[in-house]
2 protein chains.
Amino acid sequence: MTPPDDIVPITVDAETALAHAPPGHKDELRLWLRLLTCTTLMEGEIRARLRRDFDTTLPRFDLMAALDRAPQGMTLGEVSRRMMVSNGNVTGLAARLESEGLVERRAMPGDRRAQLLRLTARGRREFARQSAAHEGWIAELLGGLDPAERAQLFRLLGRAKAGVRAALAPEGETA
Amino acid sequence: MTPPDDIVPITVDAETALAHAPPGHKDELRLWLRLLTCTTLMEGEIRARLRRDFDTTLPRFDLMAALDRAPQGMTLGEVSRRMMVSNGNVTGLAARLESEGLVERRAMPGDRRAQLLRLTARGRREFARQSAAHEGWIAELLGGLDPAERAQLFRLLGRAKAGVRAALAPEGETA
DNA sequence: CCGGATTAGTTTAGGCTTCAAAGATTGGTC
DNA sequence: GACCAATCTTTGAAGCCTAAACTAATCCGG
């Protein structure tokens with residue numbers, strides 16, 4: 001034995017683990033870890049439910065969501081920027097969805113380099129089902145907050161996002 | 001030049017794209033997308049800097065961070081729970097870090113199933129360098145918020161996290 | 001002591017993701 | 001028309017990640 005003679009470290013996540021950290025740690029770090037934990041927790045649950053209920057994945061869902069809002073189609077590059085992922089990533093994702101008959105490629109009129117990606121009829125139906133469930137899940141997971149808290153959180157995250165973008169902007173930047 | 005003749009659809013991310021969505025979309029969804037964008041943005045920058053400055057990755061860094069706070073070592077299972085990733089994931093991650101001489105395995109006294117994972121001396125030195133830079137990056141990226149905003153955001157994220165955990169708890173749950 | 005349930009860790013198959021390099025096309029300049 | 005730079009996409013190598021199946025060790029009730 002000799003197991004837990006003193007401490008039982010059931011620290012659940014990295015942010016909680018830092019709670020009793022020695023002083024000197026910046027509170028920015030705690031904020032970041034809490035943000036990360038929060039997102040990871042929700043994202044993991046969404047992924048699990050997408051798999052369980054629709055046998056699909058979050059990246060697939062995200063790609064279809066982007067296309068659903070662009071009935072006329074989007075090029076791979078546009079999708080890649082919207083999803084904030086690499087080009088090559090979208091290539092593979094689109095290939096898999098195409099092989100399942102959920103999206104289709106069309107030649108881009110006037111530019112033979114690019115291709116338009118669009119949902120098929122089946123893809124639209126399928127996404128409608130998934131999307132409705134997804135919206136409910138989000139509402140459920142965030143239901144612990146009252147409307148005022150949600151509004152406040154939304155506002156602060158907007159400020160944070162703007163701050164991050166500003167910190168990332170290549171120095172002298174106006175637009 | 002013929003650049004922007006009509007619309008320049010520079011919709012930067014999914015959340016922004018939803019800003020002018022038809023009504024009926026729940027505000028929870030917008031909140032979730034903003035949370036996700038915020039995290040993704042920061043995480044992507046951290047990943048890029050870890051690669052650029054230390055030729056390492058976020059998962060490696062996270063594993064080393066967990067070990068750094070447990071000088072006596074952690075089992076693979078403990079690491080896996082702390083990082084909220086699967087067992088098999090930690091197996092591979094630990095193998096890579098071990099092959100680079102940054103972590104080492106020790107037999108767990110009294111339980112031949114388990115192994116203790118610890119930073120090597122080199123791993124500790126390396127992590128100290130990375131950690132210092134990392135803390136600075138976070139402070140830089142979140143510097144756009146003043147202390148009051150950070151505190152408020154921290155509090156609201158705590159509420160959100162608790163709400164998500166509650167929604168995920170297996171029904172009749174007391175502890 | 002035996003046998004079943006549990007726990008720790010590994011393995012496998014498949015998908016996601018990035019970076020870097022290469023192929024194809026376009027637009028502008030001379 | 002010929003080049004050259006920029007843009008769109010694909011490919012390949014490597015790593016990350018999960019679920020599920022598996023092995024090994026421990027625990028525990030009889």
Side-chain angles (χ1 to χ4, degrees), chain A residues 1-4 10 40 43-52 54-64 73-100 102-103 105-117, chain B residues 1-3 5 8 10 40 43-52 54-64 73-100 103 105-117:
Chain A
M1 18 172 186
T2 350
I10 323 183
T40 303
E43 196 178 321
E45 185 63 17
I46 302 295
R47 284 181 195 272
R49 293 186 186 191
L50 281 174
R51 174 181 308 269
R52 185 193 60 189
F54 300 107
D55 193 31
T56 189
T57 66
L58 191 49
R60 276 168 156 93
F61 176 82
D62 286 343
L63 174 40
M64 293 179 74
M74 291 175 80
T75 67
L76 294 186
E78 285 168 345
V79 171
S80 143
R81 281 185 292 277
R82 168 75 57 87
M83 292 178 68
M84 299 193 284
V85 299
S86 68
N87 268 349
N89 192 350
V90 175
T91 294
L93 223 34
R96 278 184 292 269
L97 284 175
E98 188 182 23
S99 80
E100 296 173 21
L102 297 169
V103 311
R105 299 163 127 92
R106 290 256 180 251
M108 168 90 155
D111 190 340
R112 275 181 305 177
R113 290 171 303 180
Q115 323 174 27
L116 284 176
L117 227 46
Chain B
M1 338 151 173
T2 355
D5 49 78
V8 187
I10 322 183
T40 304
E43 197 176 321
E45 185 64 16
I46 302 295
R47 284 181 194 272
R49 293 187 186 191
L50 280 174
R51 174 181 308 271
R52 184 194 62 189
F54 300 107
D55 192 31
T56 189
T57 67
L58 191 48
R60 277 168 156 94
F61 177 82
D62 286 343
L63 174 41
M64 293 178 74
M74 288 175 82
T75 67
L76 293 187
E78 284 169 346
V79 171
S80 144
R81 282 185 291 278
R82 168 76 56 86
M83 291 178 69
M84 299 194 284
V85 299
S86 68
N87 267 349
N89 191 349
V90 175
T91 294
L93 223 35
R96 279 184 291 270
L97 284 175
E98 188 181 21
S99 81
E100 296 173 21
V103 310
R105 298 163 127 93
R106 290 255 179 249
M108 169 90 154
D111 190 339
R112 277 180 304 175
R113 291 171 304 181
Q115 322 175 26
L116 284 177
L117 225 47

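Chain A is the first sequence line, chain B the second, and so forth, proteins listed ahead of strands; every chain is numbered from 1.
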Which is it for B:T75 and B:L117 under the side-chain contact (heavy atoms from CB on, under 4.5 Å) test, yes or no, and what are the steps along the way? CA-CA 6 Å; B:T75 67; B:L117 225 47; over 6 Å; no

What is the separation between atom [atom1] on [X] and atom [atom2] on [N], rounded to the nearest whole Å?
{"X": "A:L93", "N": "C:dT17", "atom1": "CG", "atom2": "P", "value": "7 Å"}
{"X": "B:L58", "N": "C:dT18", "atom1": "CG", "atom2": "C1'", "value": "14 Å"}
{"X": "A:N89", "N": "D:dC17", "atom1": "CG", "atom2": "C1'", "value": "14 Å"}
{"X": "A:L97", "N": "C:dG14", "atom1": "CG", "atom2": "C1'", "value": "15 Å"}
{"X": "B:L50", "N": "C:dC19", "atom1": "CG", "atom2": "P", "value": "13 Å"}
{"X": "B:I46", "N": "C:dT17", "atom1": "CD1", "atom2": "P", "value": "19 Å"}

Trace of the side-chain contact (heavy atoms from CB on, under 4.5 Å) decision for A:T91 with A:N87: CA-CA 6 Å; A:T91 294; A:N87 268 349; 5.5 Å; no

Regarding [X], tell me which of base, sugar-phosphate or nothing describes its non-hydrogen contacts under 4.0 Å with the strands shown.
{"X": "B:G77", "value": "sugar-phosphate"}
{"X": "A:R52", "value": "nothing"}
{"X": "B:S80", "value": "nothing"}

Let me spell it out: for each of A:D111 and A:S86, pick the nucleotide of DNA chain C with the closest heavy atom. Which residue's pick is nearer the 5' end? A:S86

DNA chain C: A:P59 or B:T75, which has the more 5' nearest nucleotide? B:T75

Please pick, from D:dA19, C:dG15, D:dC17, the nucleotide with the shortest atom-to-atom distance to any side-chain atom of A:R51. D:dA19

Any idea which of D:dT10, C:dT10, C:dA8 is nearest the B:Q115 side chain? C:dT10

Do B:E45 and B:R49 meet the salt-bridge criterion of a basic N to acidic O distance under 4.0 Å? yes

Between [N] and [X], is there an OP1 or OP2 to side-chain N/O distance shorter than 4.0 Å?
{"X": "B:R105", "N": "C:dT10", "answer": "yes"}
{"X": "A:T91", "N": "D:dT11", "answer": "no"}
{"X": "A:R112", "N": "C:dT26", "answer": "yes"}
{"X": "A:N87", "N": "D:dT9", "answer": "no"}

Is the base of D:dT7 touched by the side chain of A:R113 through a donor-acceptor pair closer than 3.5 angstrom? yes

Run the salt bridge (Lys or Arg N to Asp or Glu O under 4.0 Å) test on A:R96 and A:E100 for me, step by step, so that the C-alpha distance in whole Å, both residues' side-chain angles and the decisive distance to 0.1 Å come before the verdict. CA-CA 6 Å; A:R96 278 184 292 269; A:E100 296 173 21; over 6 Å; no

Under the criterion side-chain contact (heavy atoms from CB on, under 4.5 Å), I'd like the reasoning laid out for A:L102 against A:R60: C-alpha separation, chi angles, the key distance, then a yes or no. CA-CA 10 Å; A:L102 297 169; A:R60 276 168 156 93; 6.0 Å; no

Both A:A48 and A:L76 contact DNA chain D. Which one's nearest nucleotide lies toward the 5' end? A:L76

